[in-house]
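What follows is a short report on a single structure.
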Amino acid sequence: MKLATRNQATFLRTDLARALAQEAFSDSLERRIDQLPLEFRPKNSSRTRCCIYKDRAILRYRLMALLGHAVENEQDETRSLASYAKETLEYDSPPEASLTILDIACSACEGGKHAVTSLCRGCLARPCSANCPKDAIHFINGKAHIQPELCINCGKCRNVCPYSAIVHQQVPCEASCPVDAIAKNEEGIAQIHEEKCIHCGRCSRACPFAAVMERSSLIPVIERLKKNSAIAMIAPSIAGQFPGGLGRIITALKYLGFSAVMEVAAGAEKTAKHEAQEYLEGEQDRPLGTSCCPAYVQAVKKHIKDFLPLVSTTPTPLAYTGAEASKRYPNIPRVFIGPCMAKRDEAREQKSAEFVLTFEELGALFLARDIEIETLDESEPDWSAETGKSWEFAVSGGVAANVASCLSQQGREAPPTRFIDGLDRKGINLLRTGASGKLGNGLWEVMACEGGCLCGPGTVGNPKIARKALDEVIQNHSPSNDRV
Amino acid sequence: MRTIVVTVCSGTACYILGGSDLLTLRDHLEEPYSRHVMLAGSPCLNRCKDRSENKRPPYVTVDGKVYGNMTLETLVKTVQSVLDAS
């Protein structure tokens, strides 16, 4: 099941981040943060869960995650949010791991089981019971019932029922995870197994209770924005995430307090050029996997080690952009702003950015500062791509298209290309097979998110609308003057 | 059937909180409704600052009347019922 880009859960998350950011901008974080759950769910207000008190308790944990804390690590329930806020301000660094589960928000979904719905007509043929290898289906008052202790979830009954009356109940987070990194514990509450997790963020999108949250870097970033000391490195997928077009988004970033804005698409130009070279020089009997999607690179490192030697060693667009940023603006913290939760791992490992924010978090900052983007004048980025072509890195197919275009400039043919558009279990198996060389050579473009970065877990714009905005950027793009 | 104007607020708050989904309205309207809708974006309608009446972004005007807390489903329903009544 796919939830809409924006829904009640994402609204609450963004609005809460907005409120938190407002307090941080006005230096009242510690004084005010413990009031926020009550202000969001005042007495006699409507509630989402059983009562406003549980809603408030969950809001408290959401605020902990927004402050960058791991909810799982809570030792003392009586501790105030103010003391967590104080710790965040003193620690002043990005949090370590990226995802955290709000155990009391987790609904402990029943799942992984087959169940008979009210559509069962108790027919005469009863193919469900006839086909069950474990004799797990019995009839009570003329309707089928599955005995859970006997059922082995083979699905035969579901496939043969002429009324589609038998369903396989899924646990949304577990079903969305391509690497089995999220699973229910004995109490039925979801838990993330860090050693397996690739931080793709699918579970955070899939959970209808929004119980999986990112540990945010909002507060340390805001502290730097207040001093006008931070560089924004914007992912190409920023197109269409906000109203008003790219030029106005850049002005809005400057209003927030970013001292410079750099297009990661400029780094992507270098990535494409070097990846094309690497392809030409590489072994010709094995595939070359693209390097820019960090969730897939994590998946390779943790689950498909045989493919690791085949992942391109070309630096990612962020790596090039981060290096340029530290050359131009030494010692000013760099903030990557993108759609991605896994980019944090990459930024930390490769030291290419000090902080990572998602578009959703950036949106909360715009709201906190009441910035009406579409009313602003347009500005130029401080570092930009030479053409719009590399902005295509934001969508599936775009990385391969850029590499192919670099090769054709050298009079070479485009490589045979395989696309893994959305890294699911099937894609992971494909990578395993590819590592053995059985599938031949060529360029393998892998995007963990189906559709590419434009559909990432940290996006706020509708993908179709965003795609139109991206095409506009690609067509109208001109490099800014001070490019070196 | 009259033709009506649907304006989706493209202020920052409305856009971020679901307004961009609403801009795909036309893909979700069936004939004959889709022929009778003129869809446009608009600068901030200035409703988002008012949190009374449990309303919230995204805001849309359908045939001159303002609606808050819109989702694609509720917008489709509203447009259809306004057109049906016209």
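Keep in mind that this is a model prediction, so the values were computed, not measured. All chains are named by letter (A, B, ...) in the order of the sequence lines, taking the proteins before the strands, and each is independently numbered beginning at 1.
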Please check if atom CD in B:E30 has more than 12 non-hydrogen atoms from other residues, nucleotides or ligands closer than 6.0 Å. no

B:T12 side, atom OG1; A:F242 side, atom CZ - distance, nearest 0.5 Å: 9.0 Å

Those residues of residues 355-369 of chain A that come under 4.5 Å of chain B on a heavy-atom basis, listed by number, are A:G363, A:F366, A:L367

Counting C-beta onward and ignoring hydrogens, is there a side-chain heavy-atom pair between B:D27 and A:K464 closer than 4.5 Å? yes

State whether the number of non-hydrogen atoms from other residues, nucleotides or ligands found under 6.0 Å of A:K226 atom NZ is greater than 12. yes

Okay, side chain of B:Y15, backbone of A:G240: is any donor-acceptor separation there less than 3.5 Å? yes

State whether the number of non-hydrogen atoms from other residues, nucleotides or ligands found under 6.0 Å of A:Y255 atom OH is greater than 12. no

Scanning both residues in full, the closest heavy-atom pair of A:I465 with B:S20 reads CG1-O, 3.3 Å

Would one find more than 12 heavy atoms of other residues, nucleotides or ligands at under 6.0 Å from atom CE of B:M1? yes

Tell me, do A:Q8 and B:N69 make a side-chain contact under 4.5 Å, heavy atoms counted? yes

Answer yes or no: does atom CG of B:D84 have more than 12 heavy-atom neighbours from other residues, nucleotides or ligands under 6.0 Å? yes

Heavy-atom pairs under 4.5 Å with chain A - which of B:P58, B:G41, B:C44, B:A13 has more of them than the others? B:C44

I'd like to know whether B:L17 forms a side chain to side chain contact (heavy atoms under 4.5 Å, CB included) with A:T14, so could you lay out the CA-CA distance, the side-chain angles of the two residues, the decisive distance to 0.1 Å, and finally the verdict. CA-CA 8 Å; B:L17 298 170; A:T14 309; 3.8 Å; yes

Do A:E374 and B:S10 pass the side chain to side chain contact (heavy atoms under 4.5 Å, CB included) test, and can you show the C-alpha distance, the side-chain angles, and the key distance before you say yes or no? CA-CA 8 Å; A:E374 81 285 4; B:S10 296; 5.5 Å; no

Yes or no on side chain to side chain contact (heavy atoms under 4.5 Å, CB included) for A:D15 and B:R56, after CA distance, side-chain angles and deciding distance? CA-CA 11 Å; A:D15 204 33; B:R56 64 159 184 84; over 6 Å; no

Would you say A:E372's side chain and B:G11's backbone share a donor-acceptor pair under 3.5 angstrom? no

